Structures are given as structure tokens and as C-alpha cells.
Amino acid sequence: MIQIAVLGFGTVGSGVVELIDKNQDAIRARFPEGVHVKYILDIREFPGSPYADRVVHDMNVILEDPEVSIVCETMGGKEPAHTFSRSALERGKSVCTSNKELVAAFGPELIRTAREHNCSYLFEASVGGGIPVIRPLLSALTQEKITSILGILNGTTNYIMTRMEDEGMDFDEVLKIAQEKGYAERNPEADVEGHDACRKIAILSSLVAGKTVRYEDIPCEGISKITTEDMKYARSMNMAVRLLGMNRQEEDGSLYVRTAPFLVPEEHPLHSVSGVFNAVFIHGNMVDNLMFYGRGAGKLPTASAVVADVMDCARNIGRNIPIYWSDEVKTLADPSTESRQFFVRVDISEKELARTLFKGAQEVRAEGMEGEFAFVTEEQTEAEFDRKTRSLATLKNRIRLLDLGK
Ligand code: HSE
């Protein structure tokens, strides 16, 4: 029997324990030895829980128990998760995590530590919740040149966007429901301001590049400025507003990575991804388009991805599962040189000025929207667009358009 420890008995950690209990027969059918949760590390007590007797408060109990060969780090945050993960790996215990903050910040270091100690550091649950996307990138797609990744990578913001869109619900009201359902981060700013999606696209980009794409180098915008008025226009154009993590490799080798809300046309498969669902749309130069879709957040879907990693580690005790992601920093292309179309809203008083600045712009109308001028620009660089909008005193909002051809 493989003995494991779970660090953090929160939403995901309790899901891991529940899943291993409920699906023990499915696990044993594929791995007859079975997997058993020996310890749960948490600062809290859980009186009345069927797992109360497994709760410990001292990480050393786990580190010093030679029977424990796999640790699930479901605590979140950088510390003490970083120290605990490194200490476990240094003792040859594999670590499986859902902690995207830690993976984005310390992925290459922990991968190297695992390699040096003949164990593994796996993080399928860190991107896309229950969707297997890291494993395909590391195995089924290693022969491909990945030319673009477009991902709806944050369940909370996608849930907020779609309920605002479909039901006209208020931002704060929907955020509260997402928190109650266990989708949101402890500090929802990480979701709403795009940091969580940004870390996830940084992880995917690093895996594709084999080098470190630093999330601090990625331009990042969240959804907090998106209003129900924007959504009315989106609907009139048959588009949906989606927070996307985007990675685009140009033929000359320049790599653009960005996190921002985009208007997604109805012809694109990401348009229909709603609620807590995530999707990652990948283009490989040989395989063409692929889409991975599933629940991007929540207790059991995320736990499922953690336990998938546990199963891989259990089959490879004493061996390292290789992951190619080095410390070398990948330089990103200057984001201001990226070209696209933009949707813009200004006060009606600036209609003429806007038309002069943005020659060839197409006006957009939406029901009930009076007193303003909304339009879609022609394709131009981010720098050019920013320079022109600086002359507009009444800019209400601007949203990038997803180009179907890119
Ligand atoms: N807060 C994250 C989300 C959890 O909403 O997607 C899963 O990473």
C-alpha cells in the first residue's frame, strides 16, 4: 500500500481524501497495491470528521516517516508550501500539487530538486482544475511546435462573466456565489485582477518553451472594469467577453504572452465555454487545433487532477518523472508591438474625434445604449492604439478582439 500525506485540509485537500476513499476500488483496479492517506497536515482540528485521527500539526511527523512516499500539497500560497515541498522532495518523497502560485514562482527549482532525489514534482491540478492539459503537453505533444495557446484558465471569472452576461447579475453577487461554491481564491483579487490566470498561462508557456516564462513579465489585466453595458454590445456583435491567457509564437520566433479580457466571436469554440468551465485551445504545427475542456475549479475536479499525479508517482516510486522546464528565463516580445482590433466606447461628444483618430472604424450599436459612440477599430499595434486613445477624454472602456485567424 502506498502511503501518502495531504498538506492542507481545505477545499482541494479534503477533496483528495474523499476521492481516495470513494474511488479506492477504481484505484485498485489499476494499481492493486492501493493508496492510503496516512496523515493530513493542518493547523486546525476537525472534531467529528471521519479523518480526525489522521490530522497532525507538525510537518516533521510526515518528513520523518519513511512509509510516506507521496505528499499532496494542497495548502496554496508560497510559504510554508515552498519549504514543505522542498523538504519532502529532499527526502525522496514525490510532491503532487494544485498550487499554481508556487509552481509559477518556484517550478524549475522544485523540478530540479525532485530530479536530484529520484522522485517527482507534478502539478497537473495547477492549471485548468480537473482538465488534463499538462500531461498532454508533456507527453502527447512533445513532437509538435506549439504555435499558440488560448486558455480560459480561471473558473471564478468565467463564472462571473457568464452569469453577468446571461442573467444580468451584479458582479459582487456572483463573486459571492463563486466563493460559496469553493471556486474563488482566498483573496479573490487574484481571480478578478487576472493574476491567477496569468500564473497559469506562465506555467503552460514555460512547459512549451522548456524555459521559465516569468509571470511578472506577462501583461496582465483582469475583469474588474468589464460592465453590463460592455456585455450588451458584446451580445449585439454575437461575441462573449472571456478572460483569456494567451501565448502566441510568431514565425520569427517572437513570443507574445498576455492575460486580458477579450471579445470572443461566436465562431470560436471558446465562445461557448461558460460558468466554471475552463478550456485550453492549443494549436500545434502538425496536429492543428486541439481543445481541452472541463471544470476549472472546485473540490472534486481539482482533487481528481491531484490524484492522477499521485497515481503516476505511485507507479514510479524511486524514479523521477522528467519535466523539461529550466531556470533560463525566456525573453518575451515587446507587448506594445502586438497587433489586433479593439472595441472602444466613448461619449457621443467625442464621436467625430474618434472617427478621425480611428479611420475605418465600424460603429457598433446596442439596445438601450444612448449617449455614447461605440466602435471596432481596424487592426493596429497596441502602441498605436494607446497613443490614439490618449487623445480621448471620455474613454469608457476598450476591449481587445480575439482574431479568429491567430
Ligand atoms: N480560483 C481558481 C479559479 C481556482 O477560479 O479558477 C482554480 O485554480
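Keep in mind the model is a prediction, meaning the values are calculated, not measured. Remember, it's 1-based here, ligands and their atoms both numbered in the order they're listed.
Listed as neighbours of ligand 1 are K100, N154, G155, T156, Y183, A184, E185, D191, D196, K200, G296, A297, each bearing a heavy atom under 4.0 Å from the ligand.
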- Task: Please assess D312 against R135 for the test salt bridge (Lys or Arg N to Asp or Glu O under 4.0 Å), listing each intermediate value before the final yes or no.
- Result: CA-CA 11 Å; D312 260 5; R135 203 169 269 99; 3.1 Å; yes
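Remark: R199 qualifies as a cation-pi partner of Y215 under the 6.0 Å distance and 45° angle criteria applied to the six-membered ring.
Between F9 and F46, a ring centre-to-centre spacing shorter than 6.0 Å is recorded. Residues F342 and F358 place their aromatic rings such that the two centres sit no closer than 6.0 Å.
Crowding of Q362 atom CD: a count of heavy atoms from other residues, nucleotides or ligands under 6.0 Å not exceeding 12. Enclosure of atom OH in Y324 is not indicated, since only 12 or fewer non-hydrogen atoms of other residues, nucleotides or ligands lie within 6.0 angstrom.
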